[in-house]
Amino acid sequence: MRYSKMFIPTMKEDPKEAEILSHRLMLRAGFIRKLASGVYTWLPLGLKSLKKVENIIRQEMNRKGAQEIIMPFVQPKELWEESGRWEKYGKELLRIRDRNDRELCLGPTHEEVVTDLVRREVKSYRELPLILYQIQTKFRDEIRPRFGVMRSREFSMKDAYSFDIDEAGAEKSYMDMYDAYMRIFERCGFNFKAVEADTGQIGGSFSHEFMVLADTGEDTIISCGGCGYAANLERAEVGFVDREVPHTKGQLKDVETPGQRTVEEVSEFLGVKPDKLVKTIIYNTDRGTMGVLVKGDREVNEVKLRNMLNLDVIELADEETIEKTTGGPLGFSGPIGLSIPLYADRDVLFMEDFVVGGNVRDVHTVNVNNEDFKVKGYYDLKVAEPGDFCARCGGTYSSTRGIEVGHIFKLGLKYSKAMNCTFLDKGGKEIHAVMGCYGIGVGRTVAAAIEQGHDENGMIMPFGIAPFEICVLPVNSSHAESMELAEAVYKELLYKGMDVIIDDRSERPGVKFKDCDLIGIPIRVTIGERNLKDHMVEIKLRKEKDSQKVRKEEVIERVLNYANEFKRR
RNA sequence: CGGGAUGUAGCUCAGUAUGGUAGAGCACAGCGUUCGGGACGCUGGGGCCGCUGGUUCAAGUCCAGUCAUCCCGACCA
């Protein structure tokens with residue numbers, strides 16, 4: 001490709017709208033342009049990267065026997081009613097009407113459509129297992145789109161769906177996809193981690209998220225240095241050390257705490273550390289009002305609570321409910337004498353002489369012990385933090401930030417039952433297919449690569465997904481000898497199958513260098529008058545600071561060597 | 001949906017307190033000088049001052065409404 005012919009609108013200044021680095025750089029380097037909030041055009045350069053990611057995905061999916069299809073972007077309401085998600089999905093699902101007033105939606109995901117397809121076409125166990133995938137545009141009407149293509153409303157996603165005859169088959173499919181994902185993200189050049197994740201509203205029994213490690217990531221990953229266990233923050237189990245349960249020491253006593261509602265206020269007022277307090281959090285759920293006890297300096301993990309009690313709805317109780325159930329106002333709730341079910345985090349079991357709310361305005365109770373109230377049980381109910389004990393090996397947790405680029409779920413029978421997707425087994429019995437679903441955000445993957453690879457001059461794209469692999473850069477395009485050699489090198493590299501661009505513009509050198517760095521092309525071949533006098537040209541790797549001179553006869557070989565080295569990794 | 005902010009040239013922004021002919025830098029076009037890390041000079045093109053209504057002799061500026069965008073929060077395959 002010739003730079004002079006390609007549509008690459010780069011920008012010198014940072015666009016105001018862009019908050020994080022990848023977004024800024026993608027705008028500046030002419031990868032994307034915004035059309036509306038959360039809706040982007042991919043320009044030639046960005047599209048090249050996007051396609052490279054897509055192709056890596058295709059190759060690895062195909063390698064596992066998955067087959068590519070394309071399903072409709074517009075989907076009828078009826079299917080979504082069958083699965084029950086027309087009601088449940090909420091405002092993220094963009095609903096539209098056609099001219100006949102039929103209700104439709106823009107597909108945010110394709111479980112319904114693919115399940116419908118398979119139930120129509122697959123009749124026998126002989127046709128399974130089956131994994132179908134597509135790379136296609138999705139629309140989710142996000143509450144708050146941000147970070148460019150990292151969290152947009154319209155976005156490209158690879159989604160795959162597996163259908164198996166039984167649990168064992170489904171697990172095999174899941175593991176196949178897991179392997180494929182590992183290979184995909186390795187080939188993208190990522191520093192990433194597969195972490196255990198909550199299955200969320202999509203349900204199902206287990207799930208992994210593939211997280212690209214980056215400080216700007218929206219997700220928190222908890223991981224154990226000891227055994228390698230890693231999980232999404234909302235999922236991470238917290239271990240504990242079994243200690244002797246202490247016995248009552250101090251004298252239970254109410255104290256005046258006028259106006260002191262928060263943990264900080266109370267602990268300061270009474271002169272005790274927050275970890276000597278126990279918070280009583282009141283929740284409204286689909287199974288009634290309940291209370292959760294947690295140490296003062298920790299937070300309740302609502303996902304754990306929901307999973308443990310198998311709840312659908314959990315929300316913090318309003319003040320009215322709190323006063324009705326505890327007798328006291330918000331900020332003064334405590335477990336003593338409450339009639340609602342109470343669940344406590346395990347931390348509480350090992351505490352003694354702690355402080356709780358008095359269930360009366362401006363009163364807290366001190367020297368409280370576990371004998372003073374009744375709970376349904378002690379469970380792991382808090383949000384994990386660095387420094388906590390690992391639930392698997394007792395090691396110590398640390399936390400990092402990550403960008404979720406892939407997510408795999410074992411769905412089980414959720415959709416096949418709801419939509420009656422069945423086939424006949426060996427014995428002629430009708431049974432439901434066991435399903436899995438597997439997503440990768442393609443655009444987000446490109447953004448994540450930039451988030452992970454950049455410096456003050458611009459992107460440092462991994463070789464496998466950079467828009468070009470090599471840039472041939474003649475310093476002075478009006479110098480005939482330079483141009484001649486540049487053209488020759490360019491054509492030879494093309495012939496060798498490399499993805500190469502020649503910067504044939506009559507721009508000043510500085511402009512060319514800056515653009516080349518901004519775009520993040522991994523290998524640059526600089527051809528200038530000065531070095532040419534000594535029959536030398538320059539090779540510079542984007543990720544390295546210094547360039548090296550090589551004899552012009554050797555340049556092709558040297559470049560190909562670098563390319564091979566990049567590919568091998 | 002709650003809180004905060006911003007809409008003026010393609011981009012970054014000034015001008016708005018005190019109403020009086022629309023500005024700068026970058027980008028763009030022409031000419032000249034430059035030419036190994038985003039050059040310089042001269043000339044030029046480019047504006048529904050987000051939109052609608054109001055106040056006024058006069059509105060980018062004041063008032064009301066509305067739309068859009070961004071940030072924080074709640075939410076999230």
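So you know, we letter chains A, B, ... as the sequences are listed, proteins then strands, and number each from 1.
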Sugar-phosphate, base or nothing in reach of A/Asp517, heavy atoms under 4.0 Å: base
Can you tell which of B/C76, B/C72, B/C11 lies closest to the side chain of A/Arg144? B/C72
Remember a base hit wins even if backbone is also touched, and classify A/Glu538 as base, sugar-phosphate or nothing at under 4.0 Å, heavy atoms. base
Is A/Lys138 touching bases, backbone alone, or none of the nucleic acid, heavy atoms closer than 4.0 Å? nothing
What nucleic acid atoms does A/Pro108 come within less than 4.0 Å of, heavy atoms only: base, sugar-phosphate, or nothing? nothing
Pairing partner of B/G2 (Watson-Crick or G-U wobble, both distances under 3.5 Å): B/C72
Just to be sure I understand the rule, does A/Glu92 reach a base, reach only the sugar-phosphate, or reach nothing, if contact means heavy atoms closer than 4.0 Å? sugar-phosphate
Say you pick atom P in B/A59 and the same atom in B/U43; how far apart are they, in whole Å? 33 Å
Syn or anti: how is B/A17 classified when any glycosidic angle within 90° of 0 counts as syn? syn
On a whole-Å scale, what distance lies between the P atoms belonging to B/U61 and B/U18? 15 Å
Has A/Lys12 got a side-chain N or O lying under 4.0 Å from the OP1 or OP2 atom of B/G25? no
Under 4.0 Å between any heavy atoms, over every strand shown, what does A/Arg444 touch: base, sugar-phosphate, or nothing? Just pick one. nothing
Parallel, tilted or perpendicular for A/Phe210 and A/Phe185, by the 30°/60° rule? tilted
Can you tell me if A/Asn232 and A/Glu209 form a side-chain donor-acceptor pair at under 3.5 Å? yes
Checking A/Tyr283 against A/Arg306: is there a side-chain donor and acceptor pair closer than 3.5 Å? no
So what does A/Arg28 hit on the nucleic acid, given a heavy-atom distance under 4.0 Å: a base, only sugar-phosphate, or nothing? base
Hey, can you tell me if A/His208 and A/Tyr178 have their rings parallel, tilted or perpendicular (30° and 60° cut-offs)? perpendicular
Determine the contact category for A/Lys512: base if any of its heavy atoms lies under 4.0 Å from a base atom, sugar-phosphate if only primed atoms, P, OP1 or OP2 are that close, otherwise nothing. nothing
Less than 6.0 angstrom separating the ring centers of A/Tyr40 and A/Phe155, yes or no? no
Complement of B/A14, any strand, by Watson-Crick or G-U distances under 3.5 angstrom: none
